[in-house]
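Reckoned from all heavy atoms, side chains included, excluding hydrogens, waters and symmetry mates. Below, read A as the first sequence line, B as the second, and so on, with proteins coming before strands; counting in each chain starts at 1.
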Protein chains: 2
Amino acid sequence: MSRFADFPNPTLAVDIVALSVADTRLHCLLLRRDDAALVGGDWAFPGAVVHHGKPVEEAVARAAQIKAGLGALHLEQLATYGDPARDPRGHVVSVAWMAIAPHALLLDKVTANPDLCLAPVIVDWPGETGGPAQALGADGQPLRLAFDHAAILGDAVKRLRGKIDYSPIGFGFVPPRFTLRAVQEVHEAILGRPLTKPAFRRKLLDRHPLHPTGTLETGGAFRPAELYERDPAQEM
Amino acid sequence: MSRFADFPNPTLAVDIVALSVADTRLHCLLLRRDDAALVGGDWAFPGAVVHHGKPVEEAVARAAQIKAGLGALHLEQLATYGDPARDPRGHVVSVAWMAIAPHALLLDKVTANPDLCLAPVIVDWPGETGGPAQALGADGQPLRLAFDHAAILGDAVKRLRGKIDYSPIGFGFVPPRFTLRAVQEVHEAILGRPLTKPAFRRKLLDRHPLHPTGTLETGGAFRPAELYERDPAQEM
DNA sequence: TCAAAAGTGTTGATACTACACCCATGG
DNA sequence: CCATGGGTGTAGTATCAACACTTTTGA
């Protein structure tokens with residue numbers, strides 16, 4: 001390490017793109033910035049600096065748990081963003097991570113912390129083209145995101161769209177017991193288009209080992225749907 | 001940046017996984033290490049340290065061009081590896097990049113630099129399971145790779161296998177004018193299994209805008225194949 | 001004219017979509 | 001018994017893999 005100390009080093013950080021689905025729409029967790037004028041936006045993803053000698057995952061845990069209050073959830077590395085101009089305060093290279101959680105879990109943290117918000121996510125581009133994404137405020141207007149976080153958000157959506165079909169990642173958005181309709185809403189929110197119910201049900205049931213629990217949804221009007229759960233041996 | 005200078009920082013570096021296909025087998029470019037005892041292996045991917053204020057891509061260019069002599073080729077970020085123990089000399093977080101090139105291009109660099117080699121790549125795991133990969137020496141025995149480079153190599157192959165079907169990335173392994181058979185060999189090398197010719201031809205021609213050039217392959221015995229080229233407007 | 005590889009046509013199986021339909025429940 | 005969403009059956013279509021076949025060249 002003596003050899004490396006000679007080089008002037010960029011700072012290394014992580015940013016957490018925490019996502020959930022509600023009302024057939026993707027939402028992301030954002031943290032209010034005091035220094036909006038300095039960092040070029042009012043809102044940003046929760047982040048943390050990587051410390052020397054500690055795993056990158058330690059910074060991820062710090063950003064996700066302490067700053068945003070998240071517990072155990074699905075975490076996946078997205079990409080690393082290294083433009084020297086991305087942070088006006090200095091050269092900060094950031095490893096972006098995507099966190100997937102049921103909406104209620106993120107909502108709890110938002111109500112507990114007034115500096116957090118859960119903003120609906122909008123993408124302009126169709127399919128898997130790629131590009132930046134927007135987060136909407138309570139008034140329906142796009143929020144000003146700091147740094148390159150609009151681009152990171154777009155990359156997160158692109159990653160999700162690319163793997164939602166074949167991977168079990170969609171189950172990260174629903175509680176351990178869920179209706180098939182809830183999973184369908186997750187897929188519709190991510191893909192940004194409606195799906196046909198019978199086709200979706202069948203694909204889901206033969207692609208993933210799901211068990212009907214026998215218990216039914218409660219609280220809804222009309223016929224209650226059956227609750228399913230994933231095979232506990234399966235991982236993301 | 002004054003705020004960030006307080007934190008002790010890991011060193012940030014890049015590693016280049018340069019890949020090509022020959023003899024229906026994937027090959028990777030490796031650099032001989034003088035310090036094999038220190039870094040835990042005789043061979044490693046070419047790398048470079050990221051300098052403060054310079055884009056990460058600048059380090060990629062340095063690692064790819066100066067150390068390995070590569071020119072313009074397809075580059076794609078793989079992932080970032082941050083285990084504090086991955087480099088015995090100190091905490092070095094590395095952003096791994098995949099470089100795709102025609103085999104002849106890498107072979108030229110290897111013959112020009114005796115510290116480089118182009119090693120066949122072997123994976124134990126089937127399909128898209130994932131896991132570490134091995135690079136073979138001239139004697140057919142696995143080479144000792146430094147750091148976590150066996151895991152990085154495995155991740156590179158996994159990425160390739162995941163996107164070779166729908167993405168045009170396979171064309172990065174062949175020259176601008178190529179036979180369809182050459183592209184098929186690339187796909188077979190990446191997937192690790194034989195493909196049927198008619199199905200492959202049709203899928204390739206449907207999915208990508210390819211133009212027959214009218215000129216034929218030369219130098220082969222038997223019937224020469226037609227040379228195709230990609231639509232110049234298309235990008236990776 | 002023969003061997004080997006280029007390139008094409010056809011068929012059978014599979015997967016997916018779309019539509020129609022039945023079921024169960026609260027009011 | 002009616003409106004509404006849960007859940008299933010069926011048929012048409014597009015996709016894909018395997019096989020057989022024809023074509024073209026060098027020796």
Side-chain angles (χ1 to χ4, degrees), chain A residues 21-24 127-128 161-167 170 174-175 177-230, chain B residues 21-24 126-128 161-167 170 174-175 177-229:
Chain A
V21 168
D23 305 322
T24 324
E128 302 185 19
R161 288 192 176 179
K163 66 188 295 187
I164 187 68
D165 272 348
Y166 65 87
S167 122
V174 294
R177 296 188 148 201
F178 49 84
T179 65
L180 299 188
R181 173 73 197 170
V183 182
Q184 181 173 348
E185 281 180 14
V186 166
H187 284 238
E188 289 175 336
I190 290 170
L191 296 173
R193 62 185 172 83
L195 300 171
T196 61
K197 185 176 48 164
F200 181 80
R201 284 178 77 83
R202 275 188 277 258
K203 258 199 309 193
L204 202 69
L205 289 172
D206 41 78
R207 291 238 242 269
H208 308 283
L210 298 181
H211 307 297
T213 61
T215 56
L216 301 180
E217 197 179 17
T218 59
F222 313 116
R223 175 177 174 182
E226 182 157 18
L227 291 172
Y228 284 74
E229 54 188 14
R230 297 185 65 207
Chain B
V21 169
D23 306 323
T24 324
E128 303 186 15
R161 287 192 177 179
K163 66 188 293 186
I164 186 69
D165 272 348
Y166 66 88
S167 121
V174 294
R177 298 188 145 200
F178 48 85
T179 64
L180 300 188
R181 173 72 198 169
V183 182
Q184 180 173 348
E185 281 180 13
V186 166
H187 284 239
E188 289 175 337
I190 290 170
L191 296 173
R193 61 186 172 84
L195 300 171
T196 61
K197 184 176 47 163
F200 181 81
R201 285 178 76 84
R202 275 187 278 259
K203 258 200 307 193
L204 202 70
L205 290 172
D206 286 354
R207 294 237 243 264
H208 309 283
L210 298 180
H211 308 297
T213 61
T215 57
L216 301 180
E217 198 180 17
T218 60
F222 313 120
R223 174 176 175 182
E226 183 157 18
L227 292 171
Y228 285 74
E229 54 188 12

- Nearest-angstrom distance from the residue atom CZ of B:Arg181 to P of C:dA4: 15 Å

- Pick base, sugar-phosphate or nothing for A:Ala199, based on heavy-atom distances below 4.0 Å to the nucleic acid. base

- Contacts of B:Thr196 and B:Arg223 projected onto DNA chain D by closest heavy atom; the upstream (5') one is B:Thr196

- Query: Tell me: CG of A:Leu180 to P of D:dG7, nearest whole Å?
  - Reply: 6 Å

- Would a 4.5 Å heavy-atom cut-off, applied to side chains only, mark B:Leu227 and B:Leu216 as touching? no

- For atom CZ of A:Arg202 and atom C1' of D:dG6, their distance in whole Å: 14 Å

- Query: Judged by atom type as modelled, is there a donor-acceptor pair below 3.5 Å linking the side chain of A:Glu217 to the main-chain atoms of A:Pro224?
  - Reply: no

- May I have the distance from B:Lys203 (atom NZ) to D:dA14 (atom C1'), rounded to whole angstrom? 15 Å

- Query: Side chains of A:Gln184 and A:Leu180: does their closest heavy-atom pair fall under 4.5 Å?
  - Reply: no

- Message: Counting the atoms with a prime plus P, OP1 and OP2 as sugar-phosphate, which does A:Pro198 contact under 4.0 Å by heavy atoms, base, sugar-phosphate, or nothing?
- Response: base

- Query: Rounded to the Å, how far apart are B:Lys197 NZ and C:dA5 P?
  - Reply: 9 Å

- Query: Quick one: B:Gln184 CD to D:dA17 C1', roughly how many Å, whole number?
  - Reply: 13 Å

- Atom-pair distance (CG on A:Leu216; P on D:dG7), nearest Å: 8 Å

- Message: Please tell me if A:Arg207 has a side-chain N or O lying less than 4.0 Å from either OP1 or OP2 of C:dC16.
- Response: yes

- Write down the distance between CZ (A:Phe200) and P (D:dT8), rounded to a whole number of angstrom. 14 Å

- Item | Residue A:Phe222, side-chain heavy atoms: nucleotide from C:dG7, D:dA17, D:dA3 that is nearest | D:dA3

